[in-house]
Amino acid sequence: MTTIDVTKPMPPEAGRPAEGTNYLNHTTGIKSWLLTMDHKRIGVMYLVSILTSFFLAGIFGLLIRTELIAPGHTIMDADAYNMMFTLHGAIMVFLVIIPSVPASLGNFVLPIMLGAKDVAFPRLNLFSYYLWVTGAIFAVAAIIFGGVDTGWTLYVPYSTTGTEMNGIIFLSMAVFVLGFSSIFTGLNFIVTIHRLRPPGMTWFKMPLFLWAIYATGIIQVMATPVIGITVLLLIVERAFGIGIFDASLGGDPILFQHFFWFYSHPAVYIMILPGMGIISELISVHSHKHIFGYRFIAFSSVAIALFGFIVWGHHMFVSSQSPLMNVLFSAITFSVSIPSAVKIFNWLATLYKGSISLNTPMLYALSFIFLFTIGGLTGLHLGTLATDIHLHDTYFVVAHFHYVMMGGAIIALIGGIHHWWPKITGRMYSEFWGRIACGLVFVGFNVTFFIQFVMGSKGMPRRYWDYTDKYMIYHVISTVGSYIMALGFFITAAYLIHSLFRGRKAPANPWGGRSLEWQCSSPPPAENFPEPPHVGDCYDFSVLEWDEEEQGYHWRHDIPHPVGEA
Amino acid sequence: MTVSPAHAHEHPDFLRHHFNTPKQQFEAGKLGMWLFLATEVLLFGGLFVGYSVWRGNHPEMFKAGSIFLNTNLGAVNTAVLILSSITMAAAVTMAQRNKRGALMLFLSLTLAGAVTFLVIKYFEYTHKFHLGIYPGLKFYEKPAGDSHTLSGSLVNDAGGVDLVLVKGTGPLGQDVTVADTPEAEPTTVAPAAIGPAGLAQDALEPGDRPADDGHAEHLTHPLQDPHRPANVHMFFNIYYLMTGLHGVHVAAGIGVLTWLLIGAAKGRFSSAYFTPVDLGGLYWHVVDLIWIFLFPLFYLI
Ligand SMILES: [Cu+2]
């Protein structure tokens, strides 16, 4: 669709500031960033920090895959390997995936989507960021002080016995501090959504991303304190030998598993729910069609959050848990798949007969649906008692976990970064290279991890440094896949960084989104909205039209313009 | 362009720029505080669950351990905290009524209660340390200057043995008595000697169980009781953990109350703006409430 009108209507109250002034350049200097209370800058700082950690832990992952390309010693000895997979897991989970979407993209877009000037507690928001930094420092200290080789789950007795693992206390401190960073972020968002919605922004007018962030916030607030007390107990256990978890002192190691999974299963939803929220936006905006089943998607987020609290025992089927508990946990685990499936079907229904733009964000969204479905369905094998006994602690679990956490959470994060990149940076990236890189990541990911389902069901245990020759072919394929995936990510990093300097200036609304952030300029002004904006249906795209000259979307000329909408 | 009602009003100093009205700011603060307090309750919740698990599995352990706690001091501390909650509530009311002098008085009284609590707690802890009832493995070390021979311990003539030898029961119900060696590290000996929880107690003959009549009251250390249940150190570890974490919260409360007192002295609070006093009060009530649960769980039952 093209427009004949070259003089674009631009209502002054639509949040467009004086030419050239935006949140990135209205103040300058390093202090204006480090001490900022602007949610957008804090979001950007999170994004940079989290992607740095992602790079680091990704390198660890590549080293693990390289070590495993052949049996025996390849590039590192068994002890180094144990530390490597522990760090890969711990950094990816606690420093990257858990904070990733809420703290970076959530921080940036949540108040704008809501039509608010900032989050409810800007100072607490900055404090959360520095808690994250402190946690990262503790994690690095754990490496320096001897490393940790327990796996990211810090299971006792691995973490309470042994002499060389001085890093345990530091890593536990890191988890504790990062937990509070996560709690404060979730708390901030819940209060923001409850109290800072402008007039007209009712609960069911909120974009689905906000519902997802809200449900995530509930889990962050309700589950994270438990991991906090658990690692605190682990610290005193290790420092003083109090015997809570140490069987040799009369303690109960299974209690640690209960505590750990009481947090860590809901934490899986802290990781995946915001990703699902992103996908709801991406699918609808890039197929230019109203989201199908808005209320079902919104309530399924809340349902997942609540159900997630009562399934933790499915991690402990072989831990001598009573058969009755096993059956109950297994049954409830199956029931969690219902709200997840509700989302998938609603997304597919949204795509149906949409006018789909295969932009890079959309390619990531489609990848998510594909990969998350595989990850979710293989979860049923593990939730089934009989098959789990065979598959427990094999590469099948590794593959399932990566399909959900990487194929789900990380792919959604990357898709979201591409979706909001023009808004955050004010620049367009190369669409051509974006699609190439997405293809490489998708193919590389499947080559790396699909084969691990096969390998695991044939009996290859996870976390082993050495293996018999019959598993070698699977490991070789998996390692090659990881290199393909790494190539995709390096290309992504290259064109995104390139776009910062050479990219075309982004229009206010490059994709045709209706949620409020697309009404701000790209990048948004420091105050987001001078006045509370008018709130319409954020999934009704029929009022927008493509402007060839601007290379973006704006309000249709033949429809009267509600006050405050661009 | 319409002028929103928020901007038609004046913007008082205490109103932060991203809120439209003082009411909105107050409600946001209040909701945030309630959520934070929920996380605090959950943080303690983990420990309360731990307490329940241990008490359910090993009531004898709690029985043998709790007689060493000073109920009178615990009761005094409970009274002190309840009184300080009352004065805190009064302080909030005084802030709402613009009575600065009374606000400062009641904040000071609350502060005094918090300090008194910690002082009493300090004496309780140090008294136990003096008797050798330490958290952690040090529990099994012979207290300095103790003339008693701890039962079950092998104190040789040279007095060089630090570790108490515990007679316990092995995983298969057999009697286990591990000889202690003076040069051995506590961490390497204690585990083998004590054995997994529960098994030892189950193997005791009914007559061996600690008497109910409180005959152990003259003892100063649980290890002096030859009929003590296995792993009695666990009671004290749970006690130190829960009261210690609570103590940290009381100390944080002292910080909050001091800050409020300074703010009150500077005249920051009024009937238009008393949010910090209100929220600080909420925090203080929750800290008190947690103690109201801790006191009976450890001292009374
Ligand atoms: Cu789980």
Side-chain angles (χ1 to χ4, degrees), chain A residues 11-13 37 39 111 116-124 161 180 183-184 186-188 190-192 194-196 198-199 217 220-230 232-233 236-237 239-244 246-252 255 258-259 262 527-528 530-532 563-564, chain B residues 1-7 16-20 24-25 27-32 35-36 38-47 49-50 53-54 57-58 61 134-139 168 186-187 190-198 200 230-234 236-238 240-241 244-245:
Chain A
E13 68 278 12
M37 287 184 212
H39 67 97
K117 288 191 182 123
D118 208 320
V119 293
F121 310 114
R123 206 175 306 211
L124 185 67
T161 53
F180 272 89
I183 286 174
F184 289 139
L187 184 154
N188 220 334
I190 292 178
V191 176
T192 307
H194 267 282
R195 294 284 177 243
L196 263 63
Q220 285 174 308
V221 169
M222 304 296 282
T224 318
V226 178
I227 192 79
I229 198 69
T230 308
L232 208 59
L233 288 173
V236 279
E237 179 77 276
F240 305 107
I242 56 164
I244 291 278
D246 189 343
S248 62
L249 294 175
D252 186 353
L255 187 66
H258 279 294
F259 276 175
F262 181 83
E527 282 264 290
N528 299 348
E531 296 297 326
V563 175
Chain B
M1 180 169 176
T2 54
V3 176
S4 78
H7 284 248
R16 315 239 326 142
H17 78 100
H18 57 292
F19 291 111
N20 289 324
Q24 189 186 33
Q25 173 168 298
E27 286 180 347
K30 197 128 185 174
L31 179 60
L35 285 170
F36 175 70
T39 71
E40 289 283 30
V41 168
L42 282 158
L43 189 76
F44 277 95
L47 289 175
V49 168
V53 169
W54 288 112
N57 289 342
H58 305 290
M61 197 191 276
Y134 286 103
L137 287 174
K138 216 178 166 202
F139 183 82
T187 40
I194 296 168
N231 298 321
V232 70
H233 67 280
M234 197 65 92
F236 294 97
N237 283 328
I238 297 173
Y240 281 122
L241 271 170
L245 188 64

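In what follows, chains are A, B, ... by sequence order, proteins preceding strands, each numbered from 1. The figures here come from the full heavy-atom set of this structure, side chains too, leaving out hydrogens, waters and symmetry mates.
- Remark: B/L43 CG to A/T230 OG1 distance equals 9.5 Å, nearest 0.5 Å.
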Note to self: Between A/L255 and B/W54, does the side chain to side chain contact (heavy atoms under 4.5 Å, CB included) criterion hold? Intermediate values first, please.
What the structure shows: CA-CA 10 Å; A/L255 187 66; B/W54 288 112; 4.2 Å; yes

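- Atom CD1 in A/I242 sits 8.5 Å away from atom CD1 in B/I238 (nearest 0.5 Å).
- Both the backbone and the side chain of A/V221 come within contact range of chain B, each with at least one heavy atom under 4.5 Å from a heavy atom of that chain.
- Rounding to the nearest 0.5 angstrom, the gap separating the OG1 atom in B/T39 from the CZ atom in A/F180 is 5.5 Å.
- Interface check for chain B: of the options A/A239, A/G186, A/A120, the most heavy-atom pairs under 4.5 Å are formed by A/A120.
- Taking all atoms of both residues into account, the shortest heavy-atom contact from B/Q24 to A/R195 is NE2-O, 2.8 Å.
- Put simply, of A/I244, A/T192, A/I183, A/D252, the one with the most heavy-atom pairs under 4.5 Å next to chain B is A/I244.
- For B/F236, no part lies near chain A; criterion is any non-hydrogen pair under 4.5 Å.
- In this structure the side chain of A/F259 reaches within 4.5 angstrom of the side chain of B/V49, judged on heavy atoms.
- Here the CG atom belonging to B/L241 is positioned 9.5 Å from the CD atom belonging to A/E237, to the nearest 0.5 angstrom.
- Chain A forms the most heavy-atom pairs under 4.5 Å with one residue out of B/A38, B/A28, B/G45, B/G46, and that residue is B/A28.
- The shortest distance between side-chain heavy atoms of A/L232 and B/L245 falls below 4.5 Å.
- Contacts of A/F262 with chain B are absent, with no heavy-atom separation under 4.5 Å from either backbone or side chain.
- The residue among A/V226, A/L196, A/L233 with the most heavy atom pairs within less than 4.5 Å of chain B is A/L196.
- Side-chain contact between A/L249 and B/M234 is absent, with no heavy atoms from C-beta onward closer than 4.5 Å.
- With a 4.5 angstrom heavy-atom cutoff, B/L42 touches chain A via backbone and side-chain atoms both.
- To the nearest 0.5 Å, the span separating CZ on B/R16 from CE on A/M37 amounts to 6.0 Å.
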